[in-house]
Amino acid sequence: MHHAVTIFETAWGWMGIAVSEDRPGICRIVLPQPSRLAVEAEIGPWKMAKPAGANEQILREAQKQLIAFLEGKRSTLDFPVDLSIGTPFQRLVWQATLRIPYGRVRSYKWVAAKIGGQHYARAVGLALGANPVPIMVPCHRVVAHDGSLGGFSCGLKAKRRLLALEGTLSQLKS
């Protein structure tokens, strides 16, 4: 499967986004890294193709929105995403997480309750760890039930920074 990939610089560092040639929508977001090479290494296995047509428009729009989001000029993202890479359970978790609004946090138990029961909280954490489109699917807004940060596949420093941007970090235990 071929993917069109764009790597770009933001105020937070270098990011990458990908769209499949088979399905419309962003299917991969690489959070800010210190260098272009670091993004390329993370996108690594994706077969890169030059974007064209609708894919080029989707990539351009997603890039514009992500840059504005990280600059604090935008609180919502509305570019199309393709979550087909996930299992049915992962997609349920990601869809529930999409409903957490900007400037709010929810617990793993909250997400679990939305998809069938609080006993799924640990599985929710694993599904969020596999989230292919962080920021768009705002897994940084999911924290531990006790008010601590919980985990984040892209590192707690990035999670803290995103929560600070949204004004919610102060609501959590340090």
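Worth saying up front: this structure is predicted, and the values here are computed from it rather than measured.
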A.B. asks: Report the distance from atom CG of N55 to atom CD of Q57, rounding to the nearest 0.5 Å.
C.D. replies: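 It is 9.5 Å, given to the nearest 0.5 Å.
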A.B. asks: Treating W94 as the side-chain partner and A127 as the backbone partner, does any N or O pair qualify as donor plus acceptor under 3.5 Å?
C.D. replies: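 Such a contact is found between W94 side chain and A127 backbone.
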A.B. asks: Calculate, to the nearest 0.5 Å, the distance between atoms CZ and CG belonging to R161 and L70 respectively.
C.D. replies: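 The CZ atom of R161 sits 8.0 Å away from the CG atom of L70.
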A.B. asks: Between L128 and C139, which heavy-atom pair has the shortest distance, and what is it?
C.D. replies: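 What the structure gives for the nearest pair is CD2-CB, 3.9 Å.
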A.B. asks: Using the side chain to side chain contact (heavy atoms under 4.5 Å, CB included) rule, take W14 and L31 through it: C-alpha gap first, then chi angles, then the decisive distance, then the call.
C.D. replies: CA-CA 8 Å; W14 289 88; L31 287 182; over 6 Å; no
A.B. asks: Can you tell me if R106 uses its side chain to pair, donor with acceptor, with the backbone of V142 under 3.5 Å?
C.D. replies: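 No, because the side chain of R106 does not come within donor-acceptor range (under 3.5 Å) of the backbone of V142.
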A.B. asks: Looking only at non-hydrogen atoms, find the nearest pair between G150 and K159 and report the distance.
C.D. replies: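 What the structure gives for the nearest pair is C-NZ, 4.2 Å.
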A.B. asks: Can you give me the closest heavy-atom contact between S20 and C27, atom names plus distance?
C.D. replies: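 Looking at all heavy atoms of both residues, the closest pair is N-SG, 3.7 Å.
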A.B. asks: Do L98 and L162 land in one hydrophobic cluster if side-chain heavy atoms of ILVMFWY residues count as linked below 4.5 Å?
C.D. replies: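 Yes, it is one cluster - the side chains of L98 and L162 are joined through contacts under 4.5 Å.
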A.B. asks: Is there side-chain contact between Q90 and T87, with heavy atoms separated by less than 4.5 Å?
C.D. replies: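 Sidechains of T87 and Q90: in contact.
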A.B. asks: Quick one, Y120 and V93 - any side-chain contact, counting heavy atoms below 4.5 Å?
C.D. replies: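 No. Closest side-chain heavy atoms not under 4.5 Å.
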A.B. asks: Does the pair R104/E166 count as a salt bridge with the N-to-O cut at 4.0 Å?
C.D. replies: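 E166 and R104: not salt-bridged.
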A.B. asks: What heavy-atom pair brings A96 and I115 nearest, and what distance separates the two atoms?
C.D. replies: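 Nearest pair, atom of A96 first, then I115: CB-CG2, 4.0 Å.
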A.B. asks: So do V39 and R36 actually touch side chain to side chain, heavy atoms under 4.5 Å?
C.D. replies: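 Counting from C-beta outward, R36 and V39 never come under 4.5 Å.
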A.B. asks: Starting at CG of L169, measure out to NE2 of H140 and round the result to the nearest 0.5 Å.
C.D. replies: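 Here the rounded value is 11.5 Å.
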A.B. asks: Which heavy-atom pair separates P32 from T10 by the least distance, and what is that distance?
C.D. replies: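 Closest approach of P32 to T10: CG-OG1, 4.4 Å.
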A.B. asks: Please step through side chain to side chain contact (heavy atoms under 4.5 Å, CB included) for the pair I7 and E40, ending with a clear verdict.
C.D. replies: CA-CA 8 Å; I7 297 174; E40 287 174 2; 3.4 Å; yes
A.B. asks: Donor-acceptor pairs are to be reported for all side-chain atoms of residues 76-84 against protein atoms at under 3.5 Å, with residues two or more places apart or in another chain.
C.D. replies:
| residue | atom | partner | partner atom | Å |
| --- | --- | --- | --- | --- |
| D78 | OD1 | Q65 | NE2 | 2.7 |
| D78 | OD1 | R74 | NH2 | 3.3 |
| D82 | OD1 | S84 | N | 3.0 |
| D82 | OD1 | S84 | OG | 2.7 |
| D82 | OD2 | S84 | OG | 3.4 |
| S84 | OG | R23 | NE | 3.3 |

A.B. asks: Looking at L149 and Y108, what are the two nearest heavy atoms and their distance?
C.D. replies: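 Taking every non-hydrogen atom into account, O-OH, 4.4 Å.
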A.B. asks: Which value, rounded to the nearest 0.5 Å, describes the distance between I17 atom CD1 and M136 atom CE?
C.D. replies: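 Atom-to-atom, I17:CD1 and M136:CE are 11.0 Å apart.
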A.B. asks: If I take atom CE from residue M15 and atom CZ from residue F8, how far apart are they, to the nearest 0.5 angstrom?
C.D. replies: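 Answer rounded to 0.5 Å: 4.5 Å.
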A.B. asks: Within the structure provided, determine whether R28 and E42 are in side-chain contact (heavy-atom separation under 4.5 Å).
C.D. replies: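 In short, these two side chains touch, coming nearer than 4.5 Å.
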A.B. asks: Answer whether the closest heavy-atom distance between the side chains of I26 and I58 falls below 4.5 Å.
C.D. replies: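 Counting from C-beta outward, I26 and I58 do come under 4.5 Å.
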A.B. asks: Just verifying a value: how many Å separate W110 CH2 and Q118 CD, rounded to the nearest 0.5 Å?
C.D. replies: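 Answer for the CH2-CD pair, W110 versus Q118, is 12.0 Å.
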